[in-house]
Amino acid sequence: MIRAFDPVPFALPVAPNPARSVLLVDESPKDLRANADILNRQGYEVQTCESVSTGEYRLNGESFDLVIVSQGNRGFEWRSLVERAIRVDRRRPVLVVTDCVDMRSYLDAMWLGATDYLEKPRSPEQLLKTVRMLLPPVAGE
């Protein structure tokens, strides 16, 4: 006899969960690889780009659950990518990760529609915590 508080004597089969897709745009190849590795190890399907123009192109033809864009240096024009991501799908979260921290950049990102803003350096745990917050599990995961 199995009572409600007894452990289940067998494991129910679990349907495979579809991977959540992430577009990661960063001008730094080192940061791009490191962040992609962190997310890939957690089961995210990550597509990487080293330029805003490539990121914008991919947004036109592919669907992503999350867009992460590095603000990089002041010359890296990340704003157009954030605007495009929001224009294509207003419900999709956009995370801006920055090297050059200043209030103006933070306010610009939020005004454009970014969902969150992280400063570098940040730990892998901080990145994962933020991504998990922005991409909560789909029902059944």
Side-chain angles (χ1 to χ4, degrees), residues 2-141:
I2 297 178
R3 294 179 299 221
F5 54 85
D6 285 341
V8 178
F10 56 91
L12 297 173
V14 178
N17 293 317
R20 305 296 294 271
S21 61
V22 177
L23 176 62
L24 181 59
V25 183
D26 196 320
E27 67 181 343
S28 164
K30 178 183 171 188
D31 289 346
L32 193 63
R33 279 190 308 276
N35 290 332
D37 287 346
I38 290 166
L39 296 171
N40 279 322
R41 280 188 299 233
Q42 296 299 312
Y44 294 99
E45 185 178 294
V46 182
Q47 301 297 319
T48 61
C49 302
E50 288 186 31
S51 73
V52 167
S53 59
T54 305
E56 289 176 347
Y57 176 79
R58 300 208 56 188
L59 281 172
N60 287 334
E62 299 175 53
S63 178
F64 298 96
D65 297 308
L66 171 66
V67 175
I68 301 174
V69 60
S70 173
Q71 181 181 350
N73 64 46
R74 295 189 190 284
F76 188 60
E77 189 46 57
W78 56 274
R79 288 172 183 82
S80 64
L81 182 60
V82 172
E83 289 174 328
R84 165 85 67 195
I86 300 299
R87 192 169 43 247
V88 170
D89 184 350
R90 202 171 275 292
R91 295 174 311 225
R92 174 190 26 238
V94 176
L95 172 61
V96 175
V97 181
T98 183
D99 277 335
C100 45
V101 179
D102 65 60
M103 185 55 76
R104 171 85 181 178
S105 295
Y106 169 78
L107 293 173
D108 283 351
M110 296 297 107
W111 185 81
L112 289 170
T115 312
D116 209 340
Y117 190 88
L118 281 180
E119 300 173 16
K120 291 182 185 177
R122 46 97 203 102
S123 67
E125 293 80 17
Q126 184 181 15
L127 176 64
L128 288 173
K129 179 180 176 183
T130 303
V131 168
R132 288 179 183 137
M133 180 190 68
L134 296 174
L135 286 179
V138 176
E141 282 188 6

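Numbering starts at 1 and runs along the sequence shown.
- Nearest heavy-atom pair, Val46 versus Ala36, reported as atom, atom and distance to 0.1 Å: CG1-CB, 4.0 Å.
- Note: Arg132 CZ to Leu127 CG = 9.5 Å, rounded to the nearest 0.5 Å.
- Once rounded to the nearest 0.5 Å, the distance linking CG of Leu118 with CD1 of Ile68 reads 8.5 Å.
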**Message:** Does Val96 form a side-chain contact (heavy atoms from CB on, under 4.5 Å) with Leu112? I'd like the steps, not just the answer.
**Reply:** CA-CA 11 Å; Val96 175; Leu112 289 170; over 6 Å; no
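- Atom OG1 of Thr48 is separated from atom CG of Asp26 by 10.0 Å, given to the nearest 0.5 angstrom.
- Residues Arg92 and Thr115 form no side-chain contact, since every pair of their non-hydrogen atoms from C-beta on lies 4.5 Å or further apart.
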**Request:** Before giving the answer on side-chain contact (heavy atoms from CB on, under 4.5 Å), spell out for Val94 and Asp116 the whole-Å C-alpha distance, their side-chain angles and the decisive distance to 0.1 Å.
**Result:** CA-CA 7 Å; Val94 176; Asp116 209 340; over 6 Å; no
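- The distance from the OG atom of Ser123 to the CD atom of Glu125 is 4.5 Å, given to the nearest 0.5 Å.
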**Item:** Candidate pair Leu59 and Leu81, rule side-chain contact (heavy atoms from CB on, under 4.5 Å), full reasoning
**Value:** CA-CA 9 Å; Leu59 281 172; Leu81 182 60; 3.6 Å; yes
**Prompt:** Run the side-chain contact (heavy atoms from CB on, under 4.5 Å) check on Trp111 and Arg79 step by step: do they pass?
**Reply:** CA-CA 10 Å; Trp111 185 81; Arg79 288 172 183 82; over 6 Å; no
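- Minimum interatomic distance between Arg58 and Phe64 (heavy atoms only, all atoms of both residues): O-CE1, 3.8 Å.
- Of all non-hydrogen atoms in Ile38 and Pro124, the two that sit nearest each other are CD1-CB, 3.6 Å.
- Closest approach of Ser80 and Val52 over heavy atoms only: OG-CG1, 3.3 Å.
- Partner Trp78 forms a side-chain contact (heavy atoms from CB on, under 4.5 Å) with one of Val25, Asp108, Val97 and no other, that one being Asp108.
- In this structure, CG on Leu24 lies 8.5 Å from OG on Ser70, to the nearest 0.5 angstrom.
- Of all heavy-atom pairs spanning Leu23 and Cys49, the tightest one is CD1-SG, 3.8 Å.
- Here the straight-line distance linking atom CD of Glu45 with atom CG of Leu39 works out to 12.0 Å at 0.5 Å rounding.
- The two atoms that bring Leu135 and Arg20 nearest to each other are CD2-NH2, 3.4 Å, heavy atoms only.
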